[in-house]
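One structure is given here, and the rest of the page talks about it.
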Amino acid sequence: MYVDEILQVARIGKWNIATVIVLLITQVIIGGTYAFYQIVFGKLNFKCTDGEGIINECYYKIPNSNSTGICTSFSYYPGKEFSDTLRAKFNLVCEREHLAELEVNIMFIGQLLGSVFGAILIDYFGRKFSLVMGGLANLLCSFVYFMTPNLPLLIIGRFFESFFNVVLCISGFIYLSEVVPSKYAVFGSSSIEASFGIGAFLSGLISLIVKRWDMFIIFRLIMPYCILIVSFIFIDESPKWLLQKRRTDDFKKVIYKMFRINGTKMSSSIASHLNKIDFTENQANVNLQFWQLFQTKRTAFRMIALTICWLSAANLYYALIFGPDLFHLNVHSYIMISGLSEVPATVVHITSANKFGRKFTHIMFSILSVVFLILGVILPHKYILTKSVIACFNKLTATVTYLNIHIWNAELMPTPLRAIGMGLASITGRILAILLPQLILNLSNVFSYFPVIFFLMLGGLATAVALFIPETKNEIFPETIEDYENFGQRSEN
């Protein structure tokens with residue numbers, strides 16, 4: 001008997017709802033964290049204060065000389081943008097602006113390593129343990145940002161925060177998919193993205209009220225992570241993970257607790273099945289290895305195809321980090337537009353994935369996302385209202401694609417290697433995302449249509465390979481490596 005069948009019988013009750021609420025709160029906080037860094041490292045209104053003969057924001061004319069000097073002192077003043085930021089604290093402007101780009105690259109490197117080593121942590125130690133570790137690590141990093149005396153320490157903290165943010169994202173996403181019946185998987189997983197967007201929207205809203213970056217850290221990072229860590233007390237470990245790790249006693253305790261809290265009567269067949277499970281702790285030491293995901297030609301091709309789809313979806317989504325520059329919009333407006341777009345994106349994804357399937361959803365919205373991104377880039381700046389509308393649709397379609405590849409990838413992976421499988425497939429997307437500041441912003445200055453060609457080629461390749469990935473709609477998800485190898489074989493034949 002599969003765990004999903006037990007979940008079906010237990011029905012959605014207080015146990016499932018409490019777990020889902022905690023996981024959604026996690027995503028609200030993570031979404032707010034990502035938006036937080038766009039705000040506190042955003043571009044500033046500033047002027048040079050080194051001399052009287054100011055040429056522009058970065059250079060001044062040296063008195064009694066025809067030469068110019070590079071400004072080292074600046075004053076920052078309120079404007080449309082959030083003006084009291086970490087950029088102002090460390091003067092990351094003009095000749096030091098490259099250090100702000102370094103912060104973005106450090107973020108992506110942390111996410112890259114989190115996709116691999118964080119995934120190993122999740123599959124080896126469990127979903128709940130990883131959530132607790134991620135929450136504690138991010139709380140510590142928040143204190144580092146609040147009290148940091150120097151930029152190097154800030155960048156180190158940024159690396160670890162990005163690493164554990166990925167751990168929180170992946171573990172929360174997988175955990176949610178494992179504690180609800182498969183027929184509710186799309187709804188539950190899509191709610192993750194909506195919560196992420198709500199968190200981003202709240203960060204943008206709070207930043208309009210709290211104009212000091214240090215107070216912003218308290219309200220947007222330290223307090224929420226304290227609440228999150230306390231909330232983890234009220235959830236149990238994933239029963240699917242416990243079963244696959246042969247932790248029989250713990251698995252039975254969670255199942256009995258689920259039925260008791262949900263107020264559902266356990267049938268004699270389920271009770272009999274639970275009593276027959278007699279795996280020992282010693283057998284749990286025999287763990288699957290990641291290379292088993294590639295051990296047949298069909299599964300190897302499937303992993304490569306998923307990797308390409310991740311490459312396209314992740315970079316279309318991460319390109320939105322540079323939305324204010326690409327679309328020439330105010331950072332506050334863009335963050336709030338982006339956050340609000342996550343909610344309708346969730347509704348659209350639930351409708352499309354349930355009705356048409358994961359494959360159709362991925363292909364259709366990959367194409368639409370590329371189209372809207374291209375329109376937003378090539379449209380003249382004077383059409384600001386039109387560009388804002390296009391930015392909304394671009395965010396919506398990119399979010400649907402990004403959310404869909406999470407669900408599609410997770411549903412195709414066997415339970416013992418689910419986190420590692422997602423981490424391996426998404427790693428190339430994160431590698432290329434490290435290069436995005438240079439690829440998109442710098443190269444577009446040399447060749448203005450570079451973003452158009454880049455995303456057009458990437459989207460076309462991902463659409464082609466997605467045709468060969470099995471559909472998971474209305475299918476029983478693989479729980480063992482044998483299930484994984486045989487998945488989709490009938491439809492392919």
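This one's a predicted model, so the numbers in the text were calculated from it and none came from an experiment.
Residues Leu306 and Ile405 have side chains in contact (heavy-atom distance under 4.5 Å, counting atoms from C-beta outward). With contacts defined as side-chain heavy-atom distances shorter than 4.5 Å, the pair Leu139/Cys226 qualifies. With contacts defined as side-chain heavy-atom distances shorter than 4.5 Å, the pair Cys309/Ile469 qualifies. Proximity of Phe173 to Gln27: side-chain heavy atoms (C-beta onward) are nowhere separated by under 4.5 Å. Lys355 is not listed as a side-chain neighbour of Phe360, based on a closest heavy-atom distance of 4.5 Å or more. You'll find the side chain of Tyr402 reaches within 4.5 Å of the side chain of Trp310, heavy atoms only. Looking only at side-chain heavy atoms (C-beta outward), Val22 and Leu131 stay at 4.5 Å or farther from each other. Within the 4.5 Å cutoff, the side chain of Leu121 has no heavy atoms near those of the Phe117 side chain.
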Residue pair Ser191, Val20: steps toward the side-chain contact (heavy atoms from CB on, under 4.5 Å) verdict: CA-CA 9 Å; Ser191 300; Val20 169; 6.0 Å; no

- prompt: What do the steps show when you test Asp483 against Thr480 for side-chain hydrogen bond (donor to acceptor under 3.5 Å, both in side chains), and what is the final call?
  reply: CA-CA 5 Å; Asp483 295 337; Thr480 65; 3.2 Å; yes

Full working for side-chain hydrogen bond (donor to acceptor under 3.5 Å, both in side chains) between Glu411 and Thr472: CA-CA 7 Å; Glu411 291 176 347; Thr472 57; 2.5 Å; yes

- prompt: What's the verdict on side-chain contact (heavy atoms from CB on, under 4.5 Å) for Val254 and Asp250, showing C-alpha distance, side-chain angles and the deciding distance?
  reply: CA-CA 6 Å; Val254 172; Asp250 292 332; 5.6 Å; no

field: Ile29/Tyr225 under side-chain contact (heavy atoms from CB on, under 4.5 Å): CA gap, chis, key distance, verdict
entry: CA-CA 7 Å; Ile29 294 173; Tyr225 278 114; 3.6 Å; yes

task: Check the pair Leu24, Leu176 against side-chain contact (heavy atoms from CB on, under 4.5 Å), reporting the backbone distance first and the verdict last.
output: CA-CA 9 Å; Leu24 295 184; Leu176 191 146; 4.2 Å; yes

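Atom NE2 of His362 sits about 6.0 Å away from atom OG of Ser312, to the nearest 0.5 Å. From Arg358, atom CZ reaches atom CG of Leu403 across 10.5 Å, with rounding to the nearest 0.5 Å. If you take CD1 on Ile229 and CZ on Phe232, they are separated by 7.5 Å, rounding to the nearest 0.5 Å. In this structure, Leu424 CG and Leu417 CG are separated by 9.0 Å, a value rounded to the nearest 0.5 Å. Between the OG1 atom in Thr307 and the CG atom in Asn409 there is a gap of 8.0 Å [rounded to 0.5 Å]. A distance of 11.5 Å separates CD1 of Ile122 from CZ of Phe129, quoted to the nearest 0.5 Å.
At least one donor-acceptor pair under 3.5 Å links the side chain of Thr401 to the backbone N or O of Thr397. Of the possible polar contacts, none joining the Asn165 side chain to the Gln111 backbone as a donor-acceptor pair under 3.5 Å is found. With hydrogens and angles disregarded, a donor-acceptor distance shorter than 3.5 Å links the side chain of Trp241 to the backbone of Asp123. Distance alone, capped at 3.5 Å, places no donor-acceptor pair between the Arg247 side chain and the Leu242 backbone. For Arg418 (side chain) and Ala410 (main-chain N/O), a donor-acceptor pair under 3.5 Å exists by modelled atom type. With hydrogens and angles disregarded, no donor-acceptor distance shorter than 3.5 Å links the side chain of Glu161 to the backbone of Asn138. No donor-acceptor distance shorter than 3.5 angstrom exists from the side chain of Ser369 to the backbone of Phe365, with no hydrogens or angles considered.
Tyr484 and Met413 get closest at one heavy-atom pair: CE1-CE, 3.7 Å. Of all heavy-atom pairs between Leu168 and Ile30, the closest is CB-CD1, 3.4 Å. Shortest non-hydrogen contact noted between Asn354 and Lys473 is O-CE, 2.8 Å. Contact between Ile261 and Lys14 at its shortest, heavy atoms only, is CG2-CB, 3.6 Å. Taking every heavy atom of both residues into account, Ile174 and Ala419 meet most closely at CD1-CA, 3.4 Å. Here the shortest heavy-atom pairing between Pro414 and Leu293 reads CD-CD2, 3.9 Å.
When each of Lys240, Lys128, Arg127 is paired with Glu178, the salt bridge (charged side-chain N to carboxylate O under 4.0 Å, His left out) condition holds for Arg127 and for no other.
Relative ring orientation between Phe159 and Phe163 is described as tilted, the plane-to-plane angle lying within the 30° to 60° band.
For Ser130 and Ser171, the side-chain atoms include no donor-acceptor pair closer than 3.5 Å.
Around the CZ atom of Phe393, the shell of radius 6.0 Å holds no more than 12 heavy atoms that belong to other residues, nucleotides or ligands.
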